[in-house]
Peer 1: 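If you scroll down you'll find the structure; I have some questions about it.
Both backbone and side-chain heavy atoms feed into the values below; hydrogens, waters and symmetry mates do not. Just so you know, these numbers come straight off a predicted model, no measurement behind them. Chain A is the first sequence line, chain B the second, and so forth, proteins listed ahead of strands; every chain is numbered from 1.
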Amino acid sequence: MDVSHIFDDLNDAQREAVAAPPGPMIVLAGAGSGKTRVLTHRIAWLVEGYQISPLSILAVTFTNKAAREMRNRVERLLGVPLGAMMMGTFHGLCHRILRAHADEAGLPKTFEIIDSDDQYRLIRRVLKDMDLDEAYWPPKQLQWAINSHKEEGRRASDLPENGDFQHQTMKRVFEQYDKYCARSGLVDFAELLLRTLELFKNNEVLRAQYQARYQYVLVDEFQDTNSIQYQWLKLLAGERRNLFAVGDDDQSIYGWRGARVENLLNFERDYAGSKLIRLEQNYRSTSTILKAANAVIAHNSDRMGKELWTEGDEGEAIVLYGASNDLEEARYVVEHIENWLAAGNARDSIAILYRSNAQSRVFEEKLMQAGIPYRVYGGLRFFERAEIKDALAYMRLISNLNSDAAFERIINQPTRGIGNKTLEMIRAQARAQEQSLWLAARTLISAQSLPARAATAVSRFLDLIATMQSEIEGLELHEQADAVLARSGLLEHYKKEKGERAETRVENLEELINATRNYETEDEDDLDPLSSFIAHAALEAGEGQAAEWEECVQLMSLHSAKGLEFPLVFLTGLEEGLFPHQRSIDEPGKLEEERRLCYVGMTRAMQKLVISYAEIRRLHGREMYTQPSRFLAEIPPSLLHEERSYRLHSAPSYRQPSAAGHSGSAPDGLSLGGRVKHQKFGLGTVVTVEGAGEHARVLVNFEEVGSKWLVAAFANLQSA
DNA sequence: GAATGCGAAGGCAGG
DNA sequence: CTTCGCATTC
C-alpha cells in the first residue's frame, strides 16, 4: 500500500506523531508548527493505515471553522468524501447527542438553545421576579457565576446550604434560573455540555453505545478545554484510551472562559504511559520574530517547556514604534501600510491586532481617510443583530410556543399595542401557575381577566402566531422565513423606519432569507428544517460582516487572531493597563495569560512585525497617561528597531517599566501601579494619572477606603 | 400605550 | 463616550 502521500511532507516529529500506535497521546504543538497538518494526517493514517472506518473516529474542535477546514483537508488527503464522520465543536456534538436522546437527558423534544444575550435577559427577568435589585446583584456577574459553576460541573443543588447571604442569594438565583429554563425548554451553552456529561455518567447503556462507536477520539486546541469537556472526553475514550490531544500550553488564552491549561498536565497523570511529542519547528515566521516571541514567553513559569526554531531566514528587525498618542499610533500604522502596499503587497497580507475591540475605531478612521479597504472582525455577529434576533424569535416561538424568551422579544415588536402593563399581567399569571407566557396569555384571555383593549391585542398576537404556524407547514425553509418576515410585519416595520441604520436592517433581513435558502440540514439531524436552522443560528453566530471578498486589511482582537497568520502584523497598544489589561496586573496567573496573548500575537507574523504603543491614550472618553507595556522590556533589544514620534515628551521608558517615565509631564513619583501613602487614607495603588503639572489628578485605589480621585499637587502622596 | 428626553451606570476577551 | 432604564409628555 502506498502511503507516501500521508508521510512524505512531514518532518520527523510530525511523522512520529502521525504514525504513533493507538493509545493516549499529547502533541505539544507550537505556533506555526503544523498542528492541523498532524491532526489531518493522523486521521488519514488511521483510515488508510489501520483501516479504521471514518465512522469510528470522532474529531473535536472549538470552532465550526476549524471543523470545516479539518474535514476538507482530510477529504483532500484521502480523496474520498468523509460522509457521516463525526467532526465538530464540543457544543455542536453535544447538541446532536442531546437531540438524539432528549428523553433520557430529561429535556423536551423541542428544547432550544439560548445564546449569552438571551441568557442575560433571562437572568434579569429572574432577578425581577425575585425582587432583587440589579444594583446590588449585577446580572452580568450572576451570569458569569452560573456559567462558571456549570463549567466546573456544579449545579445549584451542589452549592453549600450554609454560605453567607451573598452565596445563598446566588444559589437561589441559580435555582430559579434553572427552573425557568426547564419550564420553557431552554438550554444555555454550558448546559449543553453539562447535560451531555451527566447523560454519559448516569446512563451506562448509552455511554457504552457511544464508547463502542467512537473508537478513536482526537481533540484540537486541548489547552482550551474546560473541566467538563475533559471529563467528557475521558468518558468517551473509556477503557480504550485512544485519545489524541493536540494543544499548546503557551497559547492558552481562554482561562476567563473556564479553560484549564492544567488539563494538559492532568492528561499525563490520568493516562499513565501516554506519549508526548513536541513540535517545535516553525514554518511561519522569521527567526527574529521567533526569538522575540520565545524571549517573551520565557518569562512565564508553569510551562511545559518548548522553544520554537526555524530553518528560515533571519528577516527584518521588529519595529517598535512609540507614538505620542493613539491617533498618532494609527497614523503611523496606516502610513506603514501604504508603504507596504506600494511595494506590491496585497491588502489581505496585513493584520492590525489589538487587545480590546474598542481600539479598532481609530484605525478604521485613518484607514478610511486613506481609502484603504479594511475589514473588522468581531463586534456584532450576523445572528446577534437585533433585527435578526427578532426574526429568529418569531421562528422560535412558532416552533416552540413555550419559548418565553422569544415571546417576550416579539410580543410587541413591531408595536401592536401590548405594553408593559399587559405584559406584566401575563408574567404574573405565568409565575403563579408556573407555566409559559404563551399559556398564561391564553389563560388570561379565556378567563377574560384582561382589559378589553389589551385582550384584543393579545389574542390578535396569539392568533397571528398560530396562523403562521399552520401556514408555513410543509413549505421550504426559505419560504417559511419569507412568510414569517412578511406576516409578522417585521420587514414592513423596518422598511418604514428611516435612516441608514434601517436600510442595513432591511438588507440583513433579506440576507437572512438567503441564509435559509443556502442552509442544508445536517445529515443526521432528525429535526424539522426550521428547528434545525434555529439551532444552527445559536451555535454558529456567523461572521461579523457579510462576507466581502474584496481584498482587505484585517482588523481583529488578539483572541480572534489565534490560528491565523499574516505576512505583516501590527501589534498595537502595548501599554500597561491596556495590554496587559488592568484587571490582570495584580494576579500572577492572569498576567501570564496576558503574556501568552502577547506571544500569540507575535507569532501571527510571518515576515514583518511592528509593535506600537502610545504615551497618551483616550480611553472611555478620558485622556490617560500610559506606560509602555512590561512585555516590551522582555524582548531582546538587539531584535528591535526603534522608531519614535518626534512629539514624545520623554526618553523611552519601556526598559524600566516601574520607573516614573514621564517626569516631564506626569507628577513626580507617581506612576501607574505605583504604591503610595496618603496621610488620611493610608496605603494605595495609583490606578490612573490624568493631566499634567499642577492640574494633574490621580486615581488611587486605597486598601482601606477604596478608590479616590486626588489632585496631585495637594494630596501630598508619599511613595511607599 | 407610545414617543421622547434625561440621568445614571458601565466600560475586556468570545462561542 | 455609549447604552439603558426610567420618567415625563403626548
Peer 1: Does a side-chain N or O from A:T422 land closer than 4.0 Å to OP1 or OP2 of B:dG1, or not?
Peer 2: yes
Peer 1: Of all the nucleotides listed (C:dG5, B:dG14, B:dC12), which has the minimum atom distance to the side chain of A:R124?
Peer 2: C:dG5
Peer 1: Tell me, please, whether A:Y177 has A:R125 positioned over its six-membered ring: NZ or CZ under 6.0 Å from the ring centre and within 45 degrees of its axis?
Peer 2: no
Peer 1: Can you figure out which of B:dA3, B:dA13, B:dG1 approaches the side chain of A:T415 most closely?
Peer 2: B:dA3
Peer 1: For the side chain of A:K421, starting at C-beta, report the closest nucleotide among B:dG1, B:dG15, B:dA13.
Peer 2: B:dG1
Peer 1: Return the nearest nucleotide to the side chain of A:R583; candidates are B:dG1, B:dC12, B:dA13.
Peer 2: B:dC12
Peer 1: Looking at every strand, decide which applies to A:S560 at a 4.0 Å heavy-atom threshold: base, sugar-phosphate, or nothing.
Peer 2: sugar-phosphate
Peer 1: In whole angstrom, what separates A:W256's CH2 from B:dG14's P?
Peer 2: 6 Å
Peer 1: Hey, is the side chain of A:S557 poking within less than 4.0 Å of OP1 or OP2 on B:dG14, counting only N and O atoms?
Peer 2: yes
Peer 1: Counting side-chain heavy atoms from CB outward, which of B:dC12, B:dG14, B:dG1 is closest to A:H581?
Peer 2: B:dC12
Peer 1: Taking the six-membered ring of A:Y599 as reference, does the NZ or CZ atom of A:R595 fall below 6.0 Å from its centre and within a 45° cone about the axis?
Peer 2: no
Peer 1: Between atom CD in A:E221 and atom P in B:dG15, what is the gap in whole Å?
Peer 2: 11 Å
Peer 1: Got more than 12 heavy atoms from elsewhere within 6.0 Å of CZ, A:R303?
Peer 2: yes
Peer 1: Hey, which sits more toward the 5' end of DNA chain B by its nearest nucleotide, A:G417 or A:H91?
Peer 2: A:G417
Peer 1: Measure from NZ on A:K562 to C1' on B:dG14 and round the result to the nearest Å.
Peer 2: 11 Å
Peer 1: Is there a side-chain contact between A:N357 and the phosphate of B:dG14, meaning an N or O under 4.0 Å from OP1 or OP2?
Peer 2: yes
Peer 1: Do other residues, nucleotides or ligands put more than 12 heavy atoms under 6.0 Å from the CZ atom of A:R460?
Peer 2: no
Peer 1: Output the single nucleotide from B:dG15, B:dA13, C:dC6 whose closest atom is nearest the side chain of A:K128.
Peer 2: C:dC6
Peer 1: Within less than 4.0 Å of OP1 or OP2 of B:dG1, is there a side-chain N or O belonging to A:N412?
Peer 2: no
Peer 1: Quick one: A:E365 CD to C:dC1 P, roughly how many Å, whole number?
Peer 2: 13 Å
Peer 1: To the side chain of A:T63, which of B:dA2, B:dG15, B:dA13 is closest?
Peer 2: B:dG15
Peer 1: So, do A:Y254 and B:dA13 meet the stacking rule of ring centres under 5.5 Å and planes under 30°?
Peer 2: no
Peer 1: Please report, rounded to the nearest Å, how far the C1' atom of C:dC1 is from the CZ atom of A:R361.
Peer 2: 8 Å
Peer 1: Among B:dC12, B:dG1, B:dG15, which nucleotide sits nearest the side chain of A:R355?
Peer 2: B:dC12
Peer 1: Rounding to an integer number of Å, can you tell me how far A:L127 CG sits from C:dC4 C1'?
Peer 2: 16 Å
Peer 1: Please walk me through it: do A:F579 and A:L558 pass side chain to side chain contact (heavy atoms under 4.5 Å, CB included)?
Peer 2: CA-CA 11 Å; A:F579 188 29; A:L558 285 158; 3.5 Å; yes
Peer 1: Would you indicate which nucleotide in C:dC1, B:dG1, B:dA13 comes nearest to any side-chain atom of A:H559?
Peer 2: B:dA13
Peer 1: Which whole-number value in Å describes the distance from A:Q141 CD to B:dA9 P?
Peer 2: 15 Å
Peer 1: Please report the distance, rounded to the nearest Å, between CD in A:Q582 and P in B:dC12.
Peer 2: 13 Å
Peer 1: Distance between the C1' atoms of C:dG5 and B:dC12, in whole angstroms?
Peer 2: 24 Å
Peer 1: Start at the 5' end of DNA chain B and walk down; is the nucleotide closest to A:A190 or to A:P138 reached first?
Peer 2: A:P138
Peer 1: So does A:R431 have more than 12 non-hydrogen atoms from other groups sitting under 6.0 Å from CZ?
Peer 2: yes
